[in-house]
Amino acid sequence: MNGKTVTINSRELSLSNLDKDMYPPYGFTKTRLLEYYSLIAQFMLPFLEGRALTLKRYPQGVDRDFFFEKRCPQHRPAWMETAEVPYGEKKVITYCMANNLESLVWLGNLASIELHVPMAKADSPGNPDSMVFDLDPGDGAGVLDCARVALIVRDLLSGLKLESFAKTSGKKGLHVFVPLDPGKTTFQDTKTFSRAVAAIMQKKFPGLVTARMNKEYRRNKVFINWSQNDASKTMVCVYSLRAVEKPSVSFPVSWKDLEKTASQKDPGKFQVLAPEASALAEKKGGFYRELLGMKQRLPHTWA
Amino acid sequence: MMMQHGKAKAARSNGKKTESAPHEAPAQGIWSGTVSFSLVAIPVRLVKLVEPGRISLHLLHAKDFSPLERAMFCPEEEKIVPQEEIIRGFEIEPGKHVLITGEELESVSPERSRTIEITEFIDIKEVDALYYDHPYFLVPLKGGEKSYRLLAEAMHRTARAGVAKFVLDDREYLVVIMSRDGALAVSTLHYSDEILPENALAPAAEASEENVIKKTIQGMMTGFTPEKYSNDRREKLLSIINKKVKKRAEVEAPEPEEEEAAEGVADLMSALEKSMRATKKGT
Amino acid sequence: MASTLWIGNIQFGGISVPVKLHAAVSQDRVQFHLLHKTDRVRLRQQMICKLDKAPVPAGEQVKGFQVDERKYVLIDAEELEQAEPEASRTIDVHEFVKTGEIDPVFVEHVYYLEPDASQKAYGALAAALKDMDAQGVCTWVMRKRAYFGALQSAGHALRLNVLRYTDEIVQANSLGLESFELSEKEVGIGCELIQKLTVHFEPGKYGNEHQKKLRDMIEKKAHGQKIALFTPKHLKPTEPGTLLDALEKSLKGAA
């Protein structure tokens, strides 16, 4: 049984290549990928809703070729909601949006293992509703170093009365998000702010942090990638699968758990795999939802 | 895109160099309008039926790997010309052009530029494959779903296809509208005066070995299974790319210039310093 | 006679038929140049560096496969060459199928074949394909690209249809069309209407009138005459509730 037609919310979807192992030799087939996205949808959809998606598609599985797709395929179903968002100065791109389960499943069927979202919603692409610190460990550093940096960033932000939320990247890094009021925030604001934070972190913790993109500066350090705060950039969506060896996902981690895991020095605890993810999201992911609609303002935009 | 496709073909056949306008946003919906037959009007959008399996390689600037983009360039002023400053010109004698605006172009056949009007139906088997140019699917727009289904179903049951003409940009297309697995497909056709005669190629010759050939063909008769044939080049190129991706042999384009830090950053830095001191005390 | 595009050899089951490829279609359409509005200078298409905002000559361009935002894997000419098929002059016929089995949507382009040396084998093959109502499924390499096609008869001549690969054809079910309940009555009238409007396909009767009108318009403008402007009309969609009514009226009109 390699293809199948399913009806979701009275919309017919024909699913294909269902037996294909997407994570060989792990045995995580396309069927299981679709099951994963169906189960996680209730937790994930609020973070996808209204956002222009960038897809990372792996039609032959994660060990084979992939493509990076911004344009929503033309042969999309008529019901698929799309968003037209300016790209660069001259172009407008029609992106897919996943505002409901059937859209998410349809995208999964395209072997879109990873779903990436911009920091702003499509209806107001110049106004981010969050700021991100993308903590990326260089060679010789790891997720535990990221955790140390994340905790300092959290404290630094809370000194400025800003609440923040962390999730794993699903690979080796961590992402710290600061929810913001999009009506009062531009990318210029978030970029200026995050860059200043990265600069000051580098200054105070030169052995641990770098704010520079260049690979040679990243060795043994955590790169705080502030430049993700840009209209043209996307971050992997929370609960998205990652195209790594095992079907791991980008997963929320509470500050309490993060502190605990960091003190236990067990990097493996940061890894969440798809089969356990939806039960864990039910049990532990609730806090992350608070991020949505929390309209904070950056201090330098107070004036 | 249909327009560009037509131009590319024309350029191939008469050897003249042609240009197509730079991307007009939004470029993805190739065309949207109405398909009509008698008194029924169906709002539709044109989408691709063929997705060339080509791997898209981006052109980059060798010195810093910045991506390149196509733009119309004025050789006289040596500058990029924005879309609104571009106009079509028909060359009536070398270097002398008659300018034609978009509105004027649309006025040539206004009745055909928004509507594909099916005036008659034919048995699709009567159309030699030689006439087919480029196929597309039609997708119903809001409110057109039912009449779309009806036309598809009725054409399927009667094994008929609709014939129409419509105009896109500066071209008029002869098209057939067909039912295809419950959907409506449309294919542009070549005009008959564009089809070259074949009879000049091969005069009727006596055919002495025909029986041998027939026997050989008979022995090789089978069903058509196009899946057996695949584009090897694509696979080969992908595996080369994949090897390089594995080796992390990627290059990075530079960030566009960052503007100088905005005003008020000094305040921000001191606020951060203050917060940082408080944090350090705490830890 | 149109110019020869390529020379090759049809081969199957020990039979060899040397042929020359010719175009089967020729389009002559009004060509426009793109001009700069301000000074009427003819514009050229150029590749512009997004960062420098300046044209980049071909010698300074490299090709890259995008792997991430701003990240590329470079592919050089040598690697592109590795992916190229081996050069050959053979059109290999692998099997034969009944004409009509090949969906015309597969046909990308058509060439005529002219006999190159042996008139006899050529004529026999054309006649056999015609008699047997068969097409030869074949592959060949031309100008560094691998092609897949169907060989068929055309009058006394042979024709080569270049076919698209299966994975290039988008399936109708990927359009995700919603199903709609249709009444037998609506479909019945629709069918009747189609039957009434059915004619034989006579390609010769469809001329490119637009092309002529376009030339007339250019002529007028060249002589300084004003062009009347018309706005294209937009048809109002037929509401689902009034579909039956519209069909019945159409049928009356067609009768």
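Chain letters run A, B, ... following the sequence lines, proteins first and then strands; every chain starts at 1.
- Counting heavy-atom neighbours within 6.0 Å of C:Glu181 CD, excluding the residue itself, gives a total of 12 or less.
- The residue among B:Thr34, B:Thr216, B:Leu60 with the most heavy atom pairs within less than 4.5 Å of chain C is B:Leu60.
- Among the candidates C:Lys20, C:Arg40, C:Glu84, the residue making the largest number of heavy-atom pairs closer than 4.5 Å to chain B is C:Arg40.
- Note: C:Arg215 CZ to C:His210 NE2 = 11.0 Å, rounded to the nearest 0.5 Å.
- At a 4.5 Å heavy-atom cutoff, C:Ala146 makes no contact with chain B through either its backbone or its side chain.
- In this structure, the portion of B:Val98 lying under 4.5 Å from any heavy atom of chain C is its side chain and not its backbone.
- Neither the backbone nor the side chain of B:Glu78 comes within contact range of chain C; no heavy atom of the residue lies under 4.5 Å from a heavy atom of that chain.
- No other option in C:Val107, C:Val110, C:Leu247, C:Thr139 has as many heavy-atom pairs under 4.5 Å with chain B as C:Leu247.
- In the model, C:Gln152 has a side-chain atom that pairs as donor or acceptor with a side-chain atom of C:Asn161 under 3.5 Å.
- Between C:Leu163 and B:Phe224 the shortest side-chain heavy-atom distance falls below 4.5 Å.
- Residues C:Leu243 and B:Lys146 form a side-chain contact, since some pair of their non-hydrogen atoms from C-beta on lies under 4.5 Å apart.
- In terms of modelled atom types and a separation under 3.5 Å, the side chain of C:Tyr112 and the main chain of B:Leu196 share a donor-acceptor contact.
- Interface summary for chain B: among C:Leu129, C:Asp245, C:Asp103, C:Val93, the most heavy-atom pairs under 4.5 angstrom belong to C:Asp103.
- In this structure, CD1 in C:Ile48 is found 12.5 Å from CG in B:Leu59, a value given to the nearest 0.5 Å.
- A salt bridge links B:Glu51 with B:Lys48: at least one charged nitrogen is closer than 4.0 Å to a carboxylate oxygen.
- Interatomic distance, B:Asp128 CG to B:Glu126 CD, rounded to the nearest 0.5 Å: 12.0 Å.
- The contact between B:Lys165 and chain C is made entirely by side chain atoms (from C-beta outward), counting heavy-atom distances below 4.5 Å.
- Residue C:Met217 touches chain B through its side chain alone, counting heavy-atom pairs closer than 4.5 Å.
- Only the side chain of B:Ser36 comes within less than 4.5 Å of a heavy atom in chain C; its backbone stays farther off.
- Proximity to chain C involves both the backbone and the side chain of B:Ile217, based on heavy atoms less than 4.5 angstrom apart.
- Annotation: maximal heavy-atom pairing with chain C below 4.5 Å, among B:Glu91, B:Glu103, B:Lys63, occurs at B:Glu91.
- For C:Leu175, the part lying under 4.5 angstrom from a heavy atom of chain B is the side chain only.
- Proximity to chain B involves both the backbone and the side chain of C:Ile194, based on heavy atoms less than 4.5 angstrom apart.
- Ranked by heavy-atom pairs under 4.5 Å with chain C, the list B:Ile124, B:Ile213, B:Leu151 is led by B:Ile213.
- Considering only heavy-atom pairs separated by less than 4.5 Å from chain C, the leading option among B:Phe37, B:Tyr131, B:Phe73, B:Phe65 is B:Phe73.
- Note on ring orientation: taking the six-membered ring where Trp is involved, the planes of C:Tyr165 and C:Phe148 are parallel (angle under 30°, cut-offs 30° and 60°).
- Side-chain contact, B:Tyr191 with B:Glu172: a donor N or O sits under 3.5 Å from an acceptor N or O.
- Most heavy-atom pairs under 4.5 Å with chain B, from the set C:Gln46, C:Gln66, C:Glu101: that is C:Gln46.
- Neither the backbone nor the side chain of B:Ile118 comes within contact range of chain C; no heavy atoms are under 4.5 Å apart.
- In this structure, chain B has heavy atoms under 4.5 Å from both the backbone and the side chain of C:Glu79.
- Interface remark: C:Gln82 contributes backbone and side-chain atoms alike to the contact with chain B (heavy atom separation under 4.5 Å).
- Both the backbone and the side chain of B:Leu237 come within contact range of chain C, with heavy atoms under 4.5 Å apart.
- Between B:Glu153 and B:Arg157 there is a salt bridge, with a side-chain nitrogen of the basic residue lying less than 4.0 Å from a carboxylate oxygen of the acidic one.
- The backbone N or O of B:Pro67 lies less than 3.5 Å from no partner atom in the side chain of C:Tyr72, so there is not a single donor-acceptor pair.
- Classification of B:Lys214 and B:Glu210 as a salt-bridged pair holds, one side-chain N sitting under 4.0 Å from a carboxylate O.
- Comparing B:Ala62, B:Ala154, B:Gly89, B:Ser66 by how many heavy-atom pairs each has under 4.5 Å with chain C, the most go to B:Gly89.
- Here C:Lys220 does not pair with B:Glu104 in a salt bridge; the nearest charged N to carboxylate O distance is not below 4.0 Å.
- Comparing B:Val127, B:Val176, B:Asp232 by how many heavy-atom pairs each has under 4.5 Å with chain C, the most go to B:Val127.
- Of all the listed residues (C:Val41, C:Val97, C:Leu35, C:Val199), the one sharing the greatest number of non-hydrogen pairs under 4.5 Å with chain B is C:Leu35.
- With a threshold of 4.5 angstrom between heavy atoms, B:Phe137 approaches chain C through side-chain atoms but not through N, CA, C or O.
- Chain B forms the most heavy-atom pairs under 4.5 Å with one residue out of C:Val30, C:Thr198, C:Ile15, and that residue is C:Thr198.
- At a 4.5 Å heavy-atom cutoff, the contact between B:Val50 and chain C is made by backbone and side-chain atoms alike.
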